[in-house]
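Quick caveat, the model's predicted, so the values are computed rather than measured. Numbers restart at 1 for each chain; the letters A, B, ... are given by sequence-line order, proteins then strands.
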Amino acid sequence: MLDKKYNPKEVEENAYETWKEKGYFASGRNNGKPFCIVIPPPNVTGKLHLGHAWNTSIQDIMIRYKRMQGFDALWVPGMDHAGIATQAKVDKKLREEGIDPRSMKREEWLKVAWEWKEEYALNIHNQWAKLGLSLDYNKERFTLDEGLSKAVRTVFVHLYEEGLIYRGERMINWDPMAKTALSNEEVIYKDVEGAFYHIKYPLVDSDEYLDIATTRPETMFGDTAVAVNPEDERYKKYIGKKVILPLVNREIPVIGDEHADPEKGTGVVKITPCHDPNDYEVGLRHNLEKIVVINPDGTMNENALHYQGLDRFEAREKLVKELDEKGYLLKVEKIIHSVGHSERTDVMVEPYLSKQWFVKMRPLADKVLNNQKNKDTKVKFLPARYEKIMNHWMEITYDWCISRQLWWGHQIPAWYKGDQIYVGMEAPKEEGWVQDEDVLDTWFSSALWPFSTLGWPDETADYQKYYPTSVLVTGYDIIPFWVNRMTFQGLHFTHQRPFEYCYIHGLIRDKMGRKMSKSLGNGVDPMDVIEEYGADALRYYLTTSTAPGTDLRYDEEKVRAAWNFINKIWNASRFVLMNIEDLQEEKFEDLSISDQWILTRLEETIKVVTRYMDKYEFQNVGSILYKFIWEDFCDQYIEMAKFSLESVTTKSVLKKVLGDILKMLHPFMPFVTEEIFKNISETPLIISEYPKYEKNFLFPDGEKECNALIEFVRIFRNRKAELQIGKEYKIYISKPNDYRLISKLLKWEGKEIEEQLSDNYTIVEYQDYQVYLYNEHKETLEEKEKKQKNMEALKKSIEKRENLLRNQNFVQKAPENLVNEEKRKLLEEKEMLKKYQAE
RNA sequence: GGGCGUUUAGCUCAGUUGGUUAGAGCAUCUGCCUUACAAGCAGAGGGUCUGCGGUUCGAGUCCGUAAACGCCCACCA
């Protein structure tokens with residue numbers, strides 16, 4: 001029997017271990033159709049946040065639902081090594097211990113990193129358990145494990161051989177803090193305060209000068225030209241002349257190039273090929289000299305005169321001062337402009353000329369775009385509009401810079417010997433080959449996740465059975481990083497989409513709608529929420545509060561409301577359990593109208609819930625179950641059942657309805673439902689069969705009759721409340737009917753009288769039910785006003801309906817049942833009005 | 001500059017291919033300790049569905065347009 005109070009801590013304590021030990025999370029337990037989800041692997045950098053809790057709860061609902069429906073459900077767990085992020089954290093930890101991480105040997109450092117990984121993996125496992133996620137731990141993978149590394153090398157070698165991976169010197173995004181290259185997707189543009197520095201570049205052999213506006217004066221040491229637009233009347237006469245680079249006193253040419261926009265700045269732009277992507281292009285067109293002035297760590301190098309060794313921002317400040325003192329600074333205009341920042345370290349990204357590995361994107365992106373045109377093979381987004389985001393990125397794509405100057409990751413399978421280069425699965429056998437020091441972008445391995453976790457490139461049984469996967473669940477923010485890349489790698493290497501559906505959810509925000517972040521201090525730890533309200537309440541709240549694809553504002557009040565709902569279920573279950581203790585064999589004979597009503601409502605609920613579950617519209621499932629359980633089952637049926645608790649039929653119905661409710665709720669709130677279900681079944685709920693819509697439990701006549709009864713009770717209570725009648729009243733039943741159930745429901749404290757009295761009564765009626773209600777007090781003034789209002793509303797409604805029915809367009813074009821319905825209502829309203837008038 | 005989203009009750013959000021009087025939770029008001037649950041029960045009030053125009057017998061829903069807020073992309077000397 002259940003405790004008097006619902007206590008999530010007790011309920012959730014041991015269930016997870018039991019499920020896990022008994023093997024219920026494991027795939028391959030039955031011969032059902034495969035249903036597979038691979039978890040978006042969390043980074044081994046920290047703890048899971050609310051976004052993870054949301055993301056994984058959604059997946060667990062899908063998996064538990066399909067498992068109960070008899071699918072062979074596989075949910076693949078795993079984690080991501082998260083290159084830059086993890087390396088940054090490990091380095092930070094080492095520095096705090098007084099160790100310079102870069103002074104370590106690579107192997108030693110990796111040992112520390114793996115220890116870090118183990119520690120955080122344990123942490124994540126504990127959190128998954130708290131959340132109740134039914135992951136198949138037999139299949140767990142890590143992006144750096146052997147199998148996945150093999151997949152990574154296979155893909156790299158293949159793409160290289162196809163010419164889709166190349167090595168080249170390009171302008172890339174450089175993170176001076178992590179000292180590594182980044183892909184374009186890892187650069188976040190932020191508005192920052194900066195300035196246009198107007199600098200005087202004197203023309204050679206002339207008193208004239210050009211006014212150059214730049215936001216980055218410190219790169220001037222690397223200027224190798226000044227550009228004007230060839231169409232610009234103001235400046236085209238200077239093309240071919242030379243200017244003197246201030247302080248450096250180097251002569252550089254004035255060139256004509258369309259990159260110079262007459263509308264922007266002063267119309268004259270300095271060209272620094274090594275420190276600006278556009279300037280780099282200009283440099284190539286005009287064959288300009290390339291001068292690097294900034295070191296990989298963001299300090300100025302030997303080309304920056306006496307600024308050598310200074311940090312780039314410090315150098316800027318001092319240089320501007322010097323230019324001013326020497327009369328080269330014309331003016332400083334403060335501006336707000338957007339500047340690229342590293343996603344992980346948040347430092348300003350430096351455009352940098354560097355030799356890196358790239359994936360040639362165009363052919364791969366085209367595969368995605370073409371595939372999305374095919375209805376049968378495309379990745380189906382839920383909601384569908386997110387397909388546009390994928391397509392957009394695939395249209396504008398750039399070559400993907402995949403090499404990272406890090407230690408934590410898959411080392412690039414390329415070896416060098418002098419000018420020779422070898423790319424292969426293993427190191428060349430001969431002496432003297434040295435492997436590329438760099439590792440691959442984390443997303444390079446994540447992109448293979450849906451098939452590498454299932455054993456690819458080997459044709460394993462799992463790969464054959466579960467691939468392509470059924471659904472991928474992720475937030476819209478990582479479509480460009482991850483969804484796109486999985487899709488093109490999947491299409492290229494497995495010739496199939498990696499997942500049939502891509503279910504997109506939003507981001508979690510705080511109550512004010514702001515992103516949760518450490519700096520704002522508005523983050524919420526899901527473990528704290530679980531501690532207070534339980535995982536079931538958190539899961540139900542997260543998964544039923546918004547429509548797919550929209551953001552969620554975290555609101556503790558709503559978690560409390562979810563808790564409340566569970567408490568209600570708990571109490572209703574207690575009531576049922578304490579009354580079915582002696583039930584031997586279930587019988588569904590001689591069903592009362594209330595039995596028929598709840599059974600019919602149950603079947604209808606099963607039908608609709610199943611439909612929405614199949615569409616993954618959990619918000620709708622949530623509200624339907626909430627209504628059915630709280631209003632239909634608790635407020636109506638249980639109240640009616642109280643008057644026939646000794647009946648085997650009533651007990652049977654209570655048990656059946658409760659059982660099916662628990663089954664439908666289980667994917668959302670696995671712990672509490674399993675705990676209650678123990679009391680009514682030998683079979684664990686997690687592997688029980690999901691309810692099926694059964695027509696032989698539909699009783700439309702009984703349902704209708706019971707609806708009338710419920711409606712009459714509602715009206716009676718309503719009238720009684722309006723008339724402010726207390727316990728003292730008399731009733732006269734004017735139409736013969738079975739009023740026993742009603743009298744119990746209404747707790748008619750008043751006296752039933754045998755004949756009708758003449759005054760101070762109100763008729764309460766609905767369909768076949770009619771009673772005269774006598775109160776001690778006269779009708780109040782408000783009551784009269786109310787009646788008047790009702791009459792007016794009725795008259796209006798009647799008029800509206802009459803007009804509608806007079807409209808031949810409506811009568812002819814609208815569906816017949818709708819027209820009939822209108823007619824029926826019109827009659828009903830007219831009759832009601834008549835009665836009002838008669839009173 | 002290009003694209004997307006949001007705008008519905010005091011607050012947070014639902015609202016399916018257009019079809020009863022637009023719903024829920026929380027909050028508010030009234031009355032109840034009715035023995036599963038007072039974290040509850042029975043009732044009540046509260047909406048120009050952002051504005052304007054159109055299509056339609058009928059629009060919160062479809063189309064056009066304007067506004068506010070938010071997001072993504074591009075540019076940013």
Side-chain angles (χ1 to χ4, degrees), chain A residues 2 4-6 189 191 194 196-198 212-217 219 226-227 259-261 264-272 276 278-279 335-340 383 385-386 388-389 392-393 395-396 476-477 479-480 506-507 509 511 513 541 544-547 549-555 557-558 560-579 611-612 615 617 619-620 622-623 626-627 634-635 638-639 642 713-714 717-722 724 726 746-747 793 797 800-801 804 807-815 817-819 821-822 824-825:
Chain A
L2 302 180
K4 183 136 190 209
K5 280 264 170 191
Y6 162 56
Y189 285 87
D191 279 346
F196 266 136
Y197 299 92
H198 289 254
I212 310 253
T214 178
T215 53
R216 301 212 52 197
T219 64
V226 162
H259 166 60
D261 183 345
K264 277 190 197 158
T266 57
V268 193
V269 56
K270 69 194 212 43
I271 302 296
T272 322
D276 181 282
N278 288 312
D279 292 7
I335 54 158
I336 302 285
H337 62 154
S338 76
V339 176
R385 65 171 183 274
Y386 285 103
K388 285 186 203 161
I389 305 219
H392 175 70
W393 275 88
E395 275 156 18
I396 62 159
Y476 58 73
D477 54 325
I479 293 173
L507 303 179
R509 299 176 175 281
K511 212 178 167 179
Y541 159 66
T544 61
S545 294
T546 59
T550 54
D551 289 349
L552 174 64
R553 292 189 186 200
Y554 178 75
D555 185 352
E557 284 300 316
K558 289 196 172 184
R560 193 170 290 135
W563 187 97
N564 230 5
F565 177 41
I566 298 173
N567 187 49
K568 184 76 181 178
I569 296 161
W570 183 264
N571 279 302
S573 302
R574 281 185 59 221
F575 176 83
V576 173
L577 294 178
M578 68 178 63
N579 285 295
R611 204 174 72 214
Y612 283 128
K615 289 159 78 178
E617 291 181 16
Q619 216 261 350
N620 290 331
S623 60
Y626 189 97
K627 244 186 147 119
C634 295
D635 292 346
I638 287 184
E639 290 309 315
K642 281 178 181 171
V713 168
R714 197 188 66 78
R717 283 173 178 154
N718 197 326
R719 299 291 280 167
K720 209 173 143 244
E722 274 172 4
Q724 297 183 312
L746 290 170
K747 302 190 169 39
S797 181
K800 219 172 116 186
R801 265 184 239 285
L804 190 60
N807 184 338
Q808 284 308 302
N809 274 324
F810 173 75
V811 178
Q812 280 160 18
K813 288 181 187 172
N817 60 331
L818 214 76
V819 178
E821 184 73 356
E822 284 296 325
R824 191 186 65 73
K825 269 180 213 150

For B:A9 versus B:G15, give the span between their C1' atoms, rounded off to a whole number of Å.
14 Å

B:U16 versus B:U35 - spacing of their C1' atoms, nearest Å
43 Å

Step-by-step side-chain contact (heavy atoms from CB on, under 4.5 Å) determination, A:V226 to A:V268:
CA-CA 7 Å; A:V226 162; A:V268 193; 3.2 Å; yes

To the nearest Å, how far apart are A:K5 NZ and B:A38 C1'?
9 Å

Taking atom P of B:A44 as reference, at what distance in whole Å does atom CZ of A:R717 sit?
11 Å

Taking side chain to side chain contact (heavy atoms under 4.5 Å, CB included) as the definition, give me every residue that meets it alongside A:D261, ordered by chain and number, with sequence neighbours left out.
A:E263, A:K264

d(CG, A:N579; C1', B:U35) in whole Å
11 Å

Letter per nucleotide, 5' to 3', of nucleotides 16-29 of chain B [B base touched, S only sugar-phosphate touched, - untouched; heavy atoms, 4.0 Å]
B--BBS---S----

With A:S338, which residues qualify under side chain to side chain contact (heavy atoms under 4.5 Å, CB included), at least two apart?
A:Y189, A:D191

B:A36 pyrimidine/purine six-ring stacking with A:W570, under 5.5 Å and 30°
no

Would you measure the distance from the C1' atom in B:C49 across to the matching atom in B:A42 and give it in whole Å?
30 Å

May I ask you to decide if A:I212's main-chain N or O and A:Y197's side chain share a donor-acceptor pair within less than 3.5 Å?
no

Comparing A:A572 with A:T266, nearest RNA chain B nucleotide closer to 5' gives the residue A:A572

Taking CG from A:D635 and C1' from B:G43, how many angstroms apart are they, rounded to a whole number?
13 Å

What pairs of residues pass the salt bridge (charged side-chain N to carboxylate O under 4.0 Å, His left out) test when at least one of them lies in residues 562-575 of chain A, not counting sequence neighbours?
none

Rounding to the closest angstrom, what is the interatomic distance between B:U7 and B:A66 at atom C1'?
14 Å

Within the 4.5 Å heavy-atom criterion, are A:D276 and A:R216 side-chain neighbours or not?
no

Looking for any heavy atom pair under 4.0 Å, which part of the strands does A:S573 touch: base, sugar-phosphate only, or nothing?
nothing

When we call it a touch if two heavy atoms are under 4.0 Å apart, what does A:R216 touch: a base, just sugar-phosphate, or nothing?
nothing

Assign a letter to each nucleotide of nucleotides 69-74 of chain B from its 5' end: B, base within under 4.0 Å of a protein heavy atom; S, sugar-phosphate only; -, no contact.
----SS

Going by the rule ring pair (Phe, Tyr, Trp, His ring centres under 6.0 Å), which residues pair with A:Y386 if we only count those two or more places apart in sequence or in a different chain?
A:Y476

With the side chain defined as heavy atoms from C-beta on, A:N718 is closest, among B:C4, B:A36, B:A44, to B:A44

Residue-phosphate contact under 4.0 Å: A:K4 side-chain N/O, B:C37 OP1/OP2
yes

Got a sec, which residues hit side chain to side chain donor-acceptor pair (under 3.5 Å) with A:E557, two or more places apart in sequence or on another chain?
A:R560

B:A59 to B:U48 separation - C1' atoms, rounded to the nearest Å
15 Å

What residues, two or more places apart in sequence or in another chain, satisfy salt bridge (charged side-chain N to carboxylate O under 4.0 Å, His left out) together with A:K627?
none

Against the side chain of A:C634, the closest entry in B:U12, B:A14, B:A36 is B:A36

Using a 4.0 Å heavy-atom cut-off across all strands, classify A:F196 as base, sugar-phosphate, or nothing.
sugar-phosphate

Round to a whole Å and report the spacing from CD1 of A:I212 to C1' of B:C76.
17 Å

Could you give the CZ-to-C1' distance, from A:R574 to B:U35, as a whole number of Å?
11 Å

Partners passing side chain to side chain contact (heavy atoms under 4.5 Å, CB included) against A:E822 (at least two apart in sequence or in another chain):
A:R801, A:L804, A:L805, A:F810

Counting N and O atoms only, with roles assigned by atom type, does the side chain of A:N571 sit under 3.5 Å from a partner on the main chain of A:N567, one being a donor and the other an acceptor?
yes

Under the 3.5 Å rule, do the base of B:C13 and the side chain of A:T546 count as making a donor-acceptor pair?
no

Looking at A:R714, I'd like to know whether one of its side-chain N or O atoms comes within less than 4.0 Å of OP1 or OP2 on B:G43.
no

For B:A67 versus B:G58, give the span between their C1' atoms, rounded off to a whole number of Å.
28 Å

Give the rounded distance in Å between these two atoms: CG of A:D261 and C1' of B:C76.
11 Å

Hey, does A:V811 reach any base, or is it just sugar-phosphate, or nothing, if we go heavy atoms under 4.0 Å?
nothing

Pairing residues for A:Y6 by the ring pair (Phe, Tyr, Trp, His ring centres under 6.0 Å) criterion, not counting sequence neighbours
A:W563, A:W570

Respond yes when some side-chain nitrogen or oxygen of A:K568 is under 4.0 Å from OP1 or OP2 of B:C41, and no when none is.
yes

Starting from the 5' end of RNA chain B, give me the residue, A:N567 or A:V713, whose nearest nucleotide shows up first.
A:N567

How far does the C1' atom of B:A27 sit from the matching atom of B:U61, given to the nearest Å?
29 Å

Can you find a donor-acceptor pair, distance only, under 3.5 Å between A:S338 side chain and B:C75 base?
yes

Rounded distance in Å - OH (A:Y554) to C1' (B:C13)
16 Å

Paired and unpaired positions of RNA chain B as dot-bracket, Watson-Crick or G-U wobble under 3.5 Å, | denoting a partner strand
(((((((..((((.....[...)))).(((((.......))))).....(((((..]....))))))))))))....

Side-chain contact, heavy-atom cut-off 4.5 Å: A:S623 with A:T544?
no

A:S573: side chain to side chain contact (heavy atoms under 4.5 Å, CB included) partners, not counting sequence neighbours
A:L2, A:I569, A:L658, A:I676

If we take the P atom in both B:U56 and B:G51, what is their distance in whole Å?
23 Å

